[in-house]
Chemist: 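This is the structure I want to talk about, given as structure tokens.
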Protein chains: 2
Amino acid sequence: MQPDFRCDCPFTSALDVLGDKWMLVIIKQMLVEGKETFKDFTESSEAIATNILSSKLKMLEALGMVIKTKRPDNKKTNLYLLTPKGLALTPLLVELALWSDAHLRAIHPGMVNGADMDFLRRDKQAFARALEDKYREKLAAIPHLP
Amino acid sequence: MQPDFRCDCPFTSALDVLGDKWMLVIIKQMLVEGKETFKDFTESSEAIATNILSSKLKMLEALGMVIKTKRPDNKKTNLYLLTPKGLALTPLLVELALWSDAHLRAIHPGMVNGADMDFLRRDKQAFARALEDKYREKLAAIPHLP
DNA sequence: TGATATTGCTTTCAATATGCAAGCAATATT
DNA sequence: AATATTGCTTGCATATTGAAAGCAATATCA
């Protein structure tokens with residue numbers, strides 16, 4: 001289940017894991033949009049197919065970026081949560097959004113542009129910290145994790 | 001030739017452009033390894049196929065991230081060079097490498113780990129600036145660009 | 001306590017992206 | 001003039017992604 005790495009370059013190795021259409025989108029949905037169940041992901045605006053979602057979640061789990069667990073009062077609904085290894089992608093996601101903001105609006109004018117983007121442009125480190133802190137608080141509110 | 005965007009999210013929109021196996025690898029080869037000709041790219045350690053390389057270079061050009069030009073003394077060899085829009089991906093690449101360094105070594109022990117990585121770990125902003133400055137100097141040494 | 005709805009998938013098959021190898025025209029080198 | 005190099009393109013094979021249906025387990029409702 002490990003990816004096979006093309007070479008020994010750290011840049012390329014990250015892309016061997018993350019360089020596809022979905023891995024970082026799923027991470028973003030967890031971190032930014034608070035998605036945590038299989039259903040949550042299928043309902044997001046990116047409209048991922050369930051078979052792809054299933055396989056990517058398995059990869060993320062195998063890589064230790066996500067853990068799969070449940071709430072004690074519900075035996076059906078699985079929770080997918082970011083581990084520190086997944087949460088550590090926050091600065092990368094922030095750079096993605098900054099680049100989009102600066103260089104993609106010309107060809108994608110409808111891209112969202114609200115108060116969050118202002119905050120991001122004003123102080124990207126604070127923005128990243130806010131995202132991480134919010135996620136950690138969320139985790140703290142689920143006090144039965146492995 | 002524009003990508004079609006899945007939705008209006010800035011994170012996802014960046015991945016609509018960059019989220020595949022090769023786009024960022026090619027940018028990295030230009031920025032970090034100084035590759036500039038078609039031949040250069042085919043000889044890199046990632047071993048991209050020539051048809052894929054051709055199509056990705058066309059995309060990068062269409063998106064305005066790369067320009068295709070020649071030296072005045074050589075009518076055959078094309079030069080592919082980063083535009084500001086491509087060069088603006090430096091901080092993103094830096095975050096990719098940092099994440100690899102911190103979280104991928106466990107499953108990819110052979111990943112390179114020399115003086116450059118030390119510099120990167122010590123001061124990522126300085127590292128990014130150094131890369132950008134070096135690339136701009138290189139461009140300045142090709143004084144016949146469009 | 002059934003009956004129905006929801007969740008979390010898997011399976012099948014179609015479409016698209018990636019990969020390999022060969023080949024070829026234009027230019028550069030000898 | 002002959003050969004090598006560069007920058008590709010063109011098939012064709014394989015892998016990844018996608019759409020749709022289906023299904024078992026649990027949860028919710030009457």
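Chain identifiers are assigned alphabetically (A, B, ...) following the order of the sequence lines, protein sequences preceding nucleic acid strands; residue numbering begins at 1 within each chain. Keep in mind that the numbers below use all heavy atoms, side chains included, and drop hydrogens, waters and symmetry copies.
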Chemist: Tell me whether the OP1 or OP2 atom of D:dC8 has a side-chain N or O from B:K68 closer than 4.0 Å.
Modeler: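 Result: yes.
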Chemist: In terms of ring plane angle, is the pair B:F127 and B:F119 parallel, tilted or perpendicular, where the classes change at 30° and 60°?
Modeler: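 If you compare the ring of B:F127 with that of B:F119, the planes turn out perpendicular.
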Chemist: Does B:K56 make a side-chain N or O approach to OP1 or OP2 of C:dT18 shorter than 4.0 Å?
Modeler: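 For C:dT18, OP1 or OP2 has a side-chain N or O of B:K56 closer than 4.0 Å.
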Chemist: Within residues 27-47 of chain B, find the residues that approach DNA chain D with a heavy atom at under 4.0 Å, and present them sorted by residue number.
Modeler: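 Of all residues in residues 27-47 of chain B, the ones placing a heavy atom under 4.0 Å from DNA chain D are B:T37, B:F38, B:K39.
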Chemist: When the distance from CZ of B:R71 to P of D:dT6 is rounded to whole Å, what number comes out?
Modeler: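 About 13 Å, once rounded to whole Å.
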Chemist: Between B:E46 and B:K28, does at least one N-O distance fall below 4.0 Å, as a salt bridge requires?
Modeler: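 Yes.
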Chemist: Which one, C:dT27, C:dT6, D:dG18, comes nearest to the side chain of A:I52?
Modeler: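 Closest nucleotide among those given: D:dG18.
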Chemist: Which pair of heavy atoms, one from B:L79 and one from B:R71, lies closest together, and at what distance?
Modeler: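 Closest pair (atom of B:L79, atom of B:R71, distance): CD1-CG, 3.7 Å.
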Chemist: Any idea which heavy atoms bring A:M111 and B:D8 closest together, and the distance?
Modeler: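 Scanning both residues, the minimum pair turns out to be CG-O, 3.3 Å.
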Chemist: Indicate whether OP1 or OP2 belonging to D:dA27 is found under 4.0 Å from a side-chain N or O atom of A:N74.
Modeler: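 Checking A:N74 against D:dA27: at least one side-chain N or O falls below 4.0 Å of OP1 or OP2.
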Chemist: Counting side-chain heavy atoms from CB outward, which of C:dT10, C:dC20, D:dT9 is closest to A:K58?
Modeler: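 Between C:dT10, C:dC20, D:dT9, the one nearest the side chain of A:K58 would be C:dT10.
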Chemist: Look at the side chain of A:T77 and the base of D:dT26, then say whether one donor and one acceptor between them are separated by less than 3.5 Å.
Modeler: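 No, no donor-acceptor pair under 3.5 Å.
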Chemist: Please find the pair of heavy atoms, one from A:T77 and one from A:K70, that lie closest to each other, and give the distance.
Modeler: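 Scanning both residues completely, I find the closest heavy atoms to be O-CG, 3.7 Å.
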Chemist: Roughly how many Å is it from CG in A:N78 to P in D:dA27, rounded to a whole number?
Modeler: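 Rounded to the whole Å, the gap is 11 Å.
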Chemist: Separation of B:L53 atom CG from C:dA21 atom P, in whole Å?
Modeler: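 Whole-Å distance recorded here is 17 Å.
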Chemist: Should A:K21 be listed as having a side-chain N or O under 4.0 Å from OP1 or OP2 of D:dG18?
Modeler: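 Answer yes for this pair, as a side-chain N or O of A:K21 is under 4.0 Å from OP1 or OP2.
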Chemist: From CD of A:E61 over to P of C:dC9, roughly how many Å is that when rounded to an integer?
Modeler: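 Spelled out: CD on A:E61 to P on C:dC9 is 9 Å.
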Chemist: If you compare every side-chain N and O of B:Y80 against the phosphate oxygens of D:dC8 (OP1, OP2), does one of them come in below 4.0 Å?
Modeler: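 So the side-chain polar atoms of B:Y80 do come within 4.0 Å of the phosphate oxygens OP1 or OP2 of D:dC8, strictly under.
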Chemist: May I ask you to verify if any side-chain N or O of A:N51 is less than 4.0 angstrom from the OP1 or OP2 atom of C:dT11?
Modeler: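 Negative; the distance criterion is not met.
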Chemist: Establish, with yes or no, whether the OP1 or OP2 oxygen of D:dC8 is under 4.0 angstrom from a side-chain nitrogen or oxygen of B:S54.
Modeler: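 Answer no for this pair, as no side-chain N or O of B:S54 is under 4.0 Å from OP1 or OP2.
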Chemist: Whole angstroms only, please: what is the CG-P distance between A:L15 and C:dT18?
Modeler: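 Atom CG in A:L15 sits about 13 Å away from atom P in C:dT18.
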Chemist: C:dC9, OP1 or OP2 - any side-chain N/O from A:K76 closer than 4.0 Å?
Modeler: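 Checking C:dC9 against A:K76, no side-chain N or O comes under 4.0 Å of OP1 or OP2.
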Chemist: Atom NZ of A:K70 and atom C1' of C:dT6: how far apart are they, to the nearest Å?
Modeler: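 A:K70 atom NZ is separated from C:dT6 atom C1' by 14 Å.
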Chemist: Any side-chain heavy atom of B:I142 within less than 4.5 Å of one from B:T69?
Modeler: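 No, their side chains stay 4.5 Å or more apart.
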Chemist: Applying side-chain hydrogen bond (donor to acceptor under 3.5 Å, both in side chains), run through B:D40 and B:T37 and close with a yes or a no.
Modeler: CA-CA 5 Å; B:D40 286 341; B:T37 69; 3.2 Å; yes
Chemist: Tell me whether B:D16 is salt-bridged to A:K21, with the criterion being a basic N under 4.0 Å from an acidic carboxylate O.
Modeler: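 No, this pair does not count.
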Chemist: Whether A:W22 contacts D:dG18 is assessed here as follows: a side-chain N or O lying under 4.0 Å from the phosphate OP1 or OP2. Is that the case?
Modeler: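 Looking at the OP1 and OP2 atoms of D:dG18, one of them is under 4.0 Å from a side-chain N or O of A:W22.
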Chemist: Between B:K75 (NZ) and C:dT29 (P), how many Å, whole number?
Modeler: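 The answer, rounded to whole Å, is 12 Å.
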Chemist: Can you work out whether B:L57 or A:A49 has the more 5'-proximal nearest nucleotide on DNA chain D?
Modeler: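 Its nearest nucleotide being more 5', the pick is B:L57.
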Chemist: What is the separation between atom CD1 on A:I48 and atom P on D:dA20, rounded to the nearest whole Å?
Modeler: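 Rounding to the nearest Å, CD1 of A:I48 and P of D:dA20 are 16 Å apart.
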